[in-house]
2 protein chains.
Amino acid sequence: MNILLTNDDGIFAEGINVLYKALKRIASVDVVAPDTERSAVGHAITLSDPLRVRKVTRNGSFFGYATTGTPADCVKLAISAILKKKPDIVVSGINLGPNVGYSVLYSGTVSGASEGAIIGIPSFAISLATFEKPDYRFAAGFARRLVKQIMDNNTMPAGTLLNVNIPAIDSKRIKGVKIVKQTKTAIKERFDKREDPRKRTYYWLTGEVVESDGDNDADIEAIRKRYISITPIKCDMTDYGFMEELKKWSFE
Amino acid sequence: MNILLTNDDGIFAEGINVLYKALKRIASVDVVAPDTERSAVGHAITLSDPLRVRKVTRNGSFFGYATTGTPADCVKLAISAILKKKPDIVVSGINLGPNVGYSVLYSGTVSGASEGAIIGIPSFAISLATFEKPDYRFAAGFARRLVKQIMDNNTMPAGTLLNVNIPAIDSKRIKGVKIVKQTKTAIKERFDKREDPRKRTYYWLTGEVVESDGDNDADIEAIRKRYISITPIKCDMTDYGFMEELKKWSFE
């Protein structure tokens, strides 16, 4: 089995290192990841700049390919130009910080997996729901179990990926897995307005909070209640439910 | 009525100028757009850099606010920090080039509108399906009619935006409007591998083609058959159809 591994925290992040070691035990793993952090790049691709690729050593041996692109670029490049064989699975992570609710749309980690899903390769994104003192070991072990489930069940639809979030608590306290939807509460955020030394105004995006809507069937509440959340994410974003209503509108 | 107008081709693009003039006839229009082209930034947001805003003059008078951010940043900034009143509608465009199929996930133009939809404001993205000699006038007139339809019907669900593509042909030859889904064919692309003067390899993404799947109910085929395509796009990307199957998997 061949696994393509990417992330958006960059090839030198700890999350991808722990995940690499865990997956190496069951498969041949190719790493193609951004050379530095690319958080919140969303599903960006690089059109106006050339992409460069270099080999990276970690743990004293060849680890993978670092690129100057985004996670989506990495998956494209890996499959079109770097790897000799198409991977059986694309895995993106382990991200430092949760990817839940509408922030899925901004997530570089998720975009690495959706690039795989669009090409028709079973893919998942995995994130650890904390920003401090991360311990990636349990998440990496779970990723390995998920790879086996994906291969054994063999029912992942093309164009759909799995978005996995692991609660950042002692693994004994984790209650299990919940299959849940994206939380629909809007992200609460504000901008800090500041003045630079030349008296020019600038803004920092800050205070981003995605609040739980209290829905047990949604990702944020599931994690809060100590479950691993798995959300199947569709790259076909058509709102089929609204199409009939829209057909009644008059455009003459 | 207050309209917030953004785009991803930048505030000095012709598409946003023609659209501004058309919408001014029916509403108060605020422009907050990137200071330069931000194509294929997807739903990126700027976390690691401060954002700057400056006033821009076009056609001899105040036109709007240029920011150093992405289209999604522009909409966030406009609503949180620049505008005095929350807009009634967010419009993103007119983009030079189609936004169809899975490329919707990479589209800065669409991300401007989805930012509005997430906040709960009726929003649409509008694109002209050509890359050369664009004539935006018909598209701008259509955008004005669509604004009226959105306000009159008042049925747009929160979290859903409209993605509109206008065929780049003489308006008399346009057959009408089709409400269609996203085309599901993967984007065909390849990388040009080159060597720089110092003999280092680099790659250019090239040859991107989203081919029609021949489906009359999908965006690409509708445009090819000379219809205006309107696709309702849901920011809740949950694949509800796959959830039941996923619940059968074993994660122990």
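Naming convention: chains lettered A, B, ... in sequence-line order (proteins, then strands); numbering from 1 in each chain.
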Problem - Separation of B:E221 CD from B:S212 OG (nearest 0.5 Å) - result: 3.5 Å
Practice task
Pick whichever of B:Q149, B:K181, B:R145 has the most heavy-atom pairs under 4.5 Å with chain A.
Solution key: B:Q149
Practice task
Look at A:S80, A:G241, A:G159, A:P157 and state which one has the largest set of heavy-atom pairs under 4.5 Å with chain B.
Solution key: A:P157
Problem - Side chain, backbone, both or neither of A:E245 within contact of chain B (heavy atoms, under 4.5 Å) - result: side chain
Exercise for the section: May I ask you to decide if B:I220's main-chain N or O and B:T183's side chain share a donor-acceptor pair within less than 3.5 Å? Expected result: yes
Problem - Any donor-acceptor N or O pair under 3.5 Å, side chains A:T109, A:D8 - result: yes
Exercise for the section: Classify the side-chain pair A:N153/A:T155 by whether it contains a donor and acceptor separated by less than 3.5 Å. Expected result: no
Exercise for the section: Starting at NZ of B:K148, measure out to CD1 of B:I89 and round the result to the nearest 0.5 Å. Expected result: 12.0 Å
Problem - Greatest number of heavy atom pairs closer than 4.5 Å to chain B - which of A:L77, A:V104, A:L162 - result: A:L77
Fill in the blank from the handout: Highest number of heavy-atom pairs under 4.5 Å with chain A among B:Y240, B:W249, B:F242, B:Y202 belongs to B:W249
Exercise for the section: Tell me, out of B:K247, B:R54, B:R194, who's got the most heavy-atom pairs with chain A below 4.5 Å. Expected result: B:K247
Exercise for the section: Against chain A, label B:T67 side chain, backbone, both or neither, depending on which of its atoms sit under 4.5 Å from a heavy atom there. Expected result: neither
Fill in the blank from the handout: Honestly, the part of B:R200 sitting under 4.5 Å from a heavy atom of chain A is both
Problem - B:D49 portion near chain A, given a 4.5 angstrom heavy-atom threshold - result: backbone
Exercise for the section: Please flag which part of B:I79 lies under 4.5 Å from any non-hydrogen atom of chain A: side chain, backbone, both or neither. Expected result: neither
Problem - B:K193, NZ atom: more than 12 neighbouring heavy atoms under 6.0 Å - result: no
Handout entry: With B:V177, the side chain to side chain contact (heavy atoms under 4.5 Å, CB included) member among B:L146, B:V164, B:I230
Key = B:I230
Practice task
Indicate yes or no: at least one non-hydrogen side-chain atom of B:T68 is less than 4.5 angstrom from one of A:Y203.
Solution key: no
Completion exercise
Applying a strict 4.5 Å limit to non-hydrogen atoms, the region of B:I228 in contact with chain A is neither
Fill in the blank from the handout: Most contact-rich option vs chain A, by heavy-atom pairs under 4.5 angstrom, among B:T231, B:D219, B:T160, is B:T160
Practice task
Check whether A:S250 gets within reach of chain B through its side chain, its backbone, both or neither, counting any heavy atom under 4.5 Å.
Solution key: both
Problem - Donor + acceptor pair across side chains of A:E115, B:Y106 (<3.5 Å) - result: yes
Completion exercise
From the list B:D239, B:L51, B:I233, the residue making the most non-hydrogen contacts under 4.5 Å with chain A is B:D239
